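When reading the values below, keep in mind they use all heavy atoms of this one structure, side chains included, and skip hydrogens, waters and symmetry mates. Indexing begins at 1, ligand by ligand and atom by atom, following the structure's order. Only a predicted model underlies this, so the values are computations on that prediction, with no experimental measurement involved. One-based numbering along the sequence shown.
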Amino acid sequence: MINWQRIEVASNRPYPIFLGVPLEGLGEYLQTRSLTFDNILIISTPNVADRYLDRLMEGLKDFVVNTLSVPDGEEQKSLARIAQLTTEAMGLGVDRRTLVIALGGGVIGDLGGFFASIFMRGIRLVQVPTTLLAQVDSSIGGKVAVNHPAGKNLLGSFYPPMAVWTDFSTLETLPWSEVQNGLAETIKHALIADRDLFEYLEKNLEAIRRRDMTVWKEMAGRSLAVKVKKVSEDELEQGSRALLNLGHSFGHALETELEYKGITHGQGVSAGLVAAACLANSRGMLNSAEVERIVNLLKGFDLITKVDTGALERLMEHMKGDKKNQAGKKILILPKGLGLSVIVKDCTDQEILLAWQDVT
Ligand code: ADP
Ligand code: ZN
């Protein structure tokens, strides 16, 4: 049974995730922690701030609060934006006793979190994720980063927040294409470690599509529980945390090929999951009926299972640059049945090429 209120993440610096809590309630929780800081800096984006800043501020009346706004878009995850935030923060008198609240999706969580991790060698951070992807995935595990022309998330650190504050009601305003990003990661989580979740998604496909919030909460809670478990076992990704990379080696190659413009992260992961499933099938780790169930579930959420690019050689080339590779060997995560995945280190280029052919 999941405790809906609070899950602890094991870490060098353990921290709680609060689930199904109202934005307005964060202030009250912080009152009990106020000895460690005396003012707050909220980092958000206009889209999210317009909708949710007032609700968050409702609970923060007893604190001195400043807000910095960052435009939308992955390109904001840059060193230039970190420099800009630093200038603005210095102008506001932000110092080592400031608490940063990152209010938004994965971009704000990564950027605001990285800022908190390096400003004056690190100031306190609370993540308030407002997208499904951020709630079930990116706000958990302490990874924060910005991009560099040479690679995505190339500059970053492990920086566990003081807490993650998750209000599912913020999902009500999320556009479907953003919901899909979180659903792709959720199907990934099911395939890594939770067969029941996979079946729950199959059974509740229609309810999920019509945004039945009771079902969404159950789905998100189970999905994030997989992430919590994996990062708690292996915070610094020296072993089993790599399982969370299922579908991502293929997905990132696609995103790179399409220069992150022609495809969303969720769609990349979706096609990547199918490629991994096909490769697993060719190795006898997954039968054809199981591959079909994965494909049907992804299609049920309008996620792609085929891609329109003939550039197989280039996709292979992009996979060579995967951060997870070791000594030139491609490390892949493959599903073994539904609800368990394993790290595989001996896939040949030929096998990988055939998997690509299955999705193109
Ligand atoms: P991700 O979490 O997938 O990395 P982003 O941080 O890029 O996503 O956010 C995706 C988009 O969704 C942005 O335009 C952001 O402003 C918007 N957004 C974030 N949370 C919400 C929300 N709860 N309702 C509506 N739009 C939101
Ligand atoms: Zn992902």
Less than 3.5 Å apart, any donor N or O on the side chain of [X] or [Y] sitting next to an acceptor on the other?
X: D62; Y: Q31; answer: yes
X: N47; Y: T45; answer: no
X: T186; Y: R222; answer: no
X: E185; Y: H265; answer: yes

| said: What do you get for the angle at the Zn ion (ligand 2) between NE2 on H265 and NE2 on H248, to the nearest 10 degrees? | reply: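 Vertex at the Zn ion (ligand 2): approximately 100°.
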
| message | Taking the six-membered ring of F198 as reference, does the cationic atom of R293 (NZ for Lys, CZ for Arg) lie under 6.0 Å from its centre and within 45° of its axis? | response |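 So R293 doesn't make the cation-pi contact.
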
Identify, by atom number and element, the atoms of ligand 1 in contact range of [X], meaning under 4.0 Å from any of its heavy atoms.
X: T173; result: 22 (C), 23 (N), 24 (N), 25 (C)
X: N47; result: 14 (O), 15 (C), 16 (O), 17 (C)
X: L133; result: 1 (P), 2 (O), 3 (O), 4 (O)
X: Y52; result: 23 (N)

How close does the nearest protein non-hydrogen atom get to [atom], and which residue and atom is it?
atom: atom 20 (N) of ligand 1; result: T130 OG1, 2.8 Å
atom: atom 16 (O) of ligand 1; result: D72 OD1, 2.8 Å
atom: atom 27 (C) of ligand 1; result: L174 CD1, 3.7 Å
atom: atom 23 (N) of ligand 1; result: T170 O, 2.8 Å
atom: atom 18 (N) of ligand 1; result: V48 CG2, 3.8 Å

Ligand 1 versus [X], non-hydrogen atoms closer than 4.0 Å: side chain, backbone, both, neither?
X: H265; answer: neither
X: V107; answer: both
X: T45; answer: side chain

| N39 side chain vs V65 backbone, donor-acceptor pair below 3.5 Å |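 Not a single qualifying donor-acceptor pair exists.
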
| Do R13 side-chain atoms and M162 backbone N/O form a donor-acceptor pair below 3.5 Å? |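 A pair under 3.5 Å: no.
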
| said: So R283 and D346, do their side chains get closer than 4.5 Å, heavy atoms only? | reply: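 In short, these two side chains touch, coming nearer than 4.5 Å.
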
| Hey, are the side chains of L133 and S138 touching, using non-hydrogen atoms and a 4.5 Å cut-off? |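 Counting from C-beta outward, L133 and S138 do come under 4.5 Å.
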
| Are E8 and R6 within salt-bridge range, i.e. N to O under 4.0 Å? |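 Salt bridge flag = yes for R6 with E8.
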
| task | Only heavy atoms count here, so choose which of D50, T264, T131 is nearest to atom 9 (O) of ligand 1. | result |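 Among D50, T264, T131, the closest heavy atom to atom 9 (O) of ligand 1 comes from T131.
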
| message | Within 2.8 Å of the Zn ion (ligand 2), is there any N, O or S atom belonging to E185? | response |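 For E185, the answer is yes, given that an N, O or S atom comes within less than 2.8 Å of the Zn ion (ligand 2).
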
| task | Could you tell me whether some N/O pair between G106 and ligand 1 is separated by less than 3.5 angstrom? | result |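 Yes.
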
